[in-house]
S.K.: 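Next up is a structure, given as structure tokens.
The structure displayed is predicted, hence computed values, not measured ones. All values below were derived from every heavy atom in this structure, side-chain atoms included, with hydrogens, water molecules and symmetry-related copies excluded.
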Amino acid sequence: MALSAQNRIGALFATFVALLVVAAGRTLYLGVLHAGALRKAAHTQQVTEETVPAQRGTITDRNGVILATSEPAQEISATPYLITDPLQASQKLAPLLGRPQSQILTELSERSGFVYLARQLPAARAQAVLALGIPGIQGTPSMRRVYPRGALAAQVLGVLGTEGNGLSGLELSDNAILRGQAGERHVVSDARGQAISVTDVHREQSGAQLTLTLDANIQQRSEDVLAAVGRVFHPKDATAIVMNPNTGSVLAMANWPALDRAHPPSSSEALEQSLENRAVSFDYEPGSTFKVVTVSGALESGVITPTTTFAIPDQIQVANRVIHDAEEHPEETLTAGEILAQSSNVGAIKIGALLGPERFNQWVHKYGFGAPTGINLPSQEIGRVLAPSEYSGSSMGNLPIGQGEMVTPIQMAAAYSTIANGGILRPPYVIQAVNGRAQPAPRGRRVISAQTAAAVRQMLRGVLAPGGTASEVSIPGYQLAGKTGTASKIDPQTGEYSETAYVASFIGFAPANDPKLLCAVIVDEPQTGSIYGGTVAAPAFGQIMGFALPYLGIAPE
């Protein structure tokens, strides 16, 4: 029995020795031969590099009203194969994510390694999701773009893509200075995945703050007026621009239909259309609003004065075309001023003939048509201006009355600002300051003399006087000046001018003797009620200016 006990003790001792040898070997294997690989694996599991998203720059109006800002958010994602009960998880997540439970269940049931459940989820809701403690659900810090005034100036401001870069508007054109620079940090976690140490590698840098020239209240009024135009006349679309003609600063740039940020169009084509800023991208034939180029060019060239008289029949033949005035009338005598006030096509053509093709074309270019205006917004079109070599025999019947060449609303607003401010063509602009530093107003260039500008302003007062094409528009206490336009559109099917599709417009300013504010309204293809600039666009001009003039403290005359 004693020997047997000694044998057992010896065997037990031998077993312990063998285990020690194995342990020592294992220690040697792990601690020496594979130490580097294990340290690397531990580091990978416990130390991670996290990107810290930058705060995107805030955009405000001229008075500091916030139009776009960013707030903390989370990208909520899942590792489906780690989720043991997809049904229960989807039931808990659905109300917090604001998504159908069936969709979440489908995504969590996929045997994939990664799936996004929500992008840019507001921080409070994201914390509630993570607090559920569901294994396989994780969050990554991000920023969420917020537009406190909803759809206001949506086409000017633009939108962001899911990766946080601008897709349109100022969010696109100024993306480089708005987006800032993301930071990076080391995060050391314990075995349970809890962070125990966070070290900044480099801190994030916030994007620049943009202060716009827009005024939120004038912008809101402009959008409300265009919405009313939409309800009454059912046009294809419409745009309005309000400017200070003396500086080129844009106080409002409105578009209709409006973009519903809460429920944007599902198709990419419809979304692109709703984001189009027609004030800078709409190419159209301006019609009679373009007659100021013809008349002012003739005045500055010395071939007419405001009182020069013309015999005006109700129609005129130019080469192979016969062009009529808007209404049939016996031959009459009109001064150049009356031709502009009554928007006589025949009279404008006669004045254009005194200039001739080459000189007329020079004035078109002097006013900036066929070139960018310089406004700092994307997707700007430049219209289309014919070279004299491209003129047909009847071109000098079309062009002086605003048919046959393409312009944009912002080009027309800039041209009328030239007349309003005393003859200086100034590039329009929408950015007033960057990070609080005022941006210098773009320099302008003289196009016509102050005397010619004053003469044209006086002539344009007749448009809103009795007998003018917008005589029903008035604002108590203010003298107004401006011009109506009703332009036929080319039918894409026939290549000829349509008898049903028109662009109705009005561009004007006030006070007429010393203009402080300009407004342009362009309505594309009004369908019901009327097609004329004097009855579709001019009243909208009156409603916008009737609010903006006293709001800005511009004194009545």
Side-chain angles (χ1 to χ4, degrees), residues 235-243 245 248 250 253-255 276-297 340 343 345 348 352 355 357 360-375 377 379-388 390-391 395-420 425-428 445 447-448 456 460 482-490 497-498 501-509 518-525 533 536-537 541:
K236 183 178 178 181
D237 51 64
T239 189
I241 301 168
V242 181
M243 289 176 60
V250 177
M253 186 174 279
N255 290 271
E276 182 184 356
N277 185 357
R278 299 166 190 84
V280 300
S281 67
F282 177 42
D283 279 327
Y284 72 106
E285 296 187 32
S288 293
T289 54
F290 203 74
K291 290 172 182 174
V292 295
V293 176
T294 305
V295 172
S296 64
L340 201 56
S343 202
N345 290 333
L355 281 172
F360 172 79
N361 182 68
Q362 289 172 5
W363 283 109
V364 171
H365 284 284
K366 284 181 180 179
Y367 273 102
F369 296 105
T373 63
I375 194 168
L377 287 169
S379 303
Q380 181 181 183
E381 297 291 336
I382 63 171
R384 182 173 185 271
V385 171
L386 298 177
E390 298 177 281
Y391 287 11
S395 288
M396 285 306 290
N398 286 342
L399 302 180
I401 62 173
Q403 299 276 186
E405 293 185 320
M406 308 290 281
V407 302
T408 65
I410 194 66
Q411 286 177 331
M412 290 300 297
Y416 271 72
S417 290
T418 303
I419 294 162
L425 178 64
R426 298 187 184 280
R445 58 180 174 82
V447 175
I448 55 177
V456 177
L460 289 174
K483 185 73 189 75
T484 58
T486 307
S488 299
K489 295 182 70 174
I490 294 290
Y497 281 109
S498 171
Y502 297 86
V503 175
S505 61
F506 187 90
I507 310 175
F509 42 80
L518 176 143
C519 178
V521 178
I522 293 87
V523 183
D524 184 20
E525 294 189 30
V536 175
F541 159 89

S.K.: Can you name the nearest heavy-atom pair linking A387 to Y391, along with the distance?
M.R.: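 In terms of heavy atoms, the two residues are closest at O-CD1, 3.3 Å.
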S.K.: E525: which residues meet the salt bridge (Lys or Arg N to Asp or Glu O under 4.0 Å) condition with it, sequence neighbours left out?
M.R.: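 Result, salt bridge (Lys or Arg N to Asp or Glu O under 4.0 Å) vs E525: K489.
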S.K.: Search all heavy atoms of S343 against all heavy atoms of S288 and return the closest pair with its distance.
M.R.: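 Reported closest heavy-atom pair: OG-OG, 3.0 Å.
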S.K.: Name all residues meeting the salt bridge (Lys or Arg N to Asp or Glu O under 4.0 Å) criterion together with R384; count only those two or more places apart in sequence or in a different chain, and write none if there are none.
M.R.: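 Result, salt bridge (Lys or Arg N to Asp or Glu O under 4.0 Å) vs R384: E390.
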S.K.: Identify the two heavy atoms, one from V292 and one from T289, that lie closest to each other, and give their separation to 0.1 Å.
M.R.: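 Taking V292 first and T289 second, the nearest heavy atoms are CG2-O, 3.4 Å.
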S.K.: Once side-chain hydrogen bond (donor to acceptor under 3.5 Å, both in side chains) is applied, do any residues pair with S281, and if so which ones, sequence neighbours excluded?
M.R.: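 Once residues adjacent in sequence are excluded, the partners of S281 under the side-chain hydrogen bond (donor to acceptor under 3.5 Å, both in side chains) criterion are E276.
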S.K.: I need the minimum non-hydrogen distance between A348 and I401, along with the two atoms involved.
M.R.: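 Distance-wise, the nearest heavy atoms are CB-CG2, 3.8 Å.
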S.K.: At their closest point, which heavy atom of P400 faces which heavy atom of T294, and how far apart are they?
M.R.: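 Of all heavy-atom pairs spanning P400 and T294, the closest is O-OG1, 3.0 Å.
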S.K.: Roughly how far apart are W363 CH2 and L355 CG, rounded to 0.5 Å?
M.R.: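 It comes to 8.5 Å.
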S.K.: Could you tell me which residues satisfy ring pair (Phe, Tyr, Trp, His ring centres under 6.0 Å) with F282, sequence neighbours excluded, listed by chain and number?
M.R.: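 Here the qualifying residues are Y284.
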S.K.: Check step by step if side chain to side chain donor-acceptor pair (under 3.5 Å) holds for K483 and S505.
M.R.: CA-CA 8 Å; K483 185 73 189 75; S505 61; over 6 Å; no
S.K.: My understanding is that only residues two or more places apart in sequence, or in another chain, count here; which of them pass side chain to side chain contact (heavy atoms under 4.5 Å, CB included) with F509?
M.R.: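 Only Y416, I419, A420, R457, L460, A481, P515, L518 meet the side chain to side chain contact (heavy atoms under 4.5 Å, CB included) criterion with F509.
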S.K.: When you compare the side chain of F290 with that of V364, does any pair of heavy atoms fall below 4.5 Å?
M.R.: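 The answer is yes, as the side chains (C-beta and beyond) meet within the 4.5 Å cut-off.
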S.K.: Once side chain to side chain contact (heavy atoms under 4.5 Å, CB included) is applied, do any residues pair with A279, and if so which ones, sequence neighbours excluded?
M.R.: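 Partners of A279 by the side chain to side chain contact (heavy atoms under 4.5 Å, CB included) criterion, ordered by chain and then number, come out as T239, I241, M253, N277.
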S.K.: For P427, give me all partners under side chain to side chain contact (heavy atoms under 4.5 Å, CB included), at least two apart in sequence or on another chain.
M.R.: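 Result, side chain to side chain contact (heavy atoms under 4.5 Å, CB included) vs P427: P442.
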S.K.: Ignoring hydrogens, what is the shortest heavy-atom contact between A487 and P286? Give both atom names and the distance.
M.R.: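 Minimum heavy-atom contact is CB-C, 3.9 Å.
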S.K.: Atom CE in M396, atom CG in N361: separation rounded to 0.5 Å?
M.R.: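 CG of N361 is found 9.5 Å from CE of M396.
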S.K.: Holding to side-chain hydrogen bond (donor to acceptor under 3.5 Å, both in side chains), I want the full list of residues that pass it with T484, two or more places apart in sequence or in another chain.
M.R.: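 Only T469 meet the side-chain hydrogen bond (donor to acceptor under 3.5 Å, both in side chains) criterion with T484.
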S.K.: Check side-chain hydrogen bond (donor to acceptor under 3.5 Å, both in side chains) between E405 and all other residues, then give those that pass, not counting sequence neighbours.
M.R.: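 Checked E405 against side-chain hydrogen bond (donor to acceptor under 3.5 Å, both in side chains); zero matches.
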S.K.: Among pairs that include at least one residue of residues 278-292, which meet salt bridge (charged side-chain N to carboxylate O under 4.0 Å, His left out), considering only residues two or more places apart or in two chains?
M.R.: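 Qualifying pairs, neighbours excluded: D237-R278.
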S.K.: Sequence neighbours excluded and cut-off under 3.5 Å, please list the side-chain donor-acceptor pairs for residues 365-372, or say none.
M.R.:
residue : atom : partner : partner atom : Å
Y367    : OH   : S296    : OG           : 2.7

S.K.: Could you please spell out the steps behind the side chain to side chain donor-acceptor pair (under 3.5 Å) verdict for S498 and S488?
M.R.: CA-CA 6 Å; S498 171; S488 299; over 6 Å; no
S.K.: What is the distance from atom CG of L377 to atom CD1 of I410, rounded to the nearest 0.5 Å?
M.R.: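 If I round to the nearest 0.5 Å, the distance is 8.0 Å.
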S.K.: With S379, which residues qualify under side chain to side chain contact (heavy atoms under 4.5 Å, CB included), at least two apart?
M.R.: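 For S379 there are no side chain to side chain contact (heavy atoms under 4.5 Å, CB included) partners, ignoring immediate neighbours.
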S.K.: Checking side chain to side chain contact (heavy atoms under 4.5 Å, CB included) for the pair I375/V280: CA distance, chi angles, key distance, verdict?
M.R.: CA-CA 9 Å; I375 194 168; V280 300; 4.2 Å; yes
S.K.: I'd like to check V242 versus V250 (side-chain heavy atoms, cut-off strictly below 4.5 Å). Are they in contact?
M.R.: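 V242 does not reach V250 side chain to side chain.
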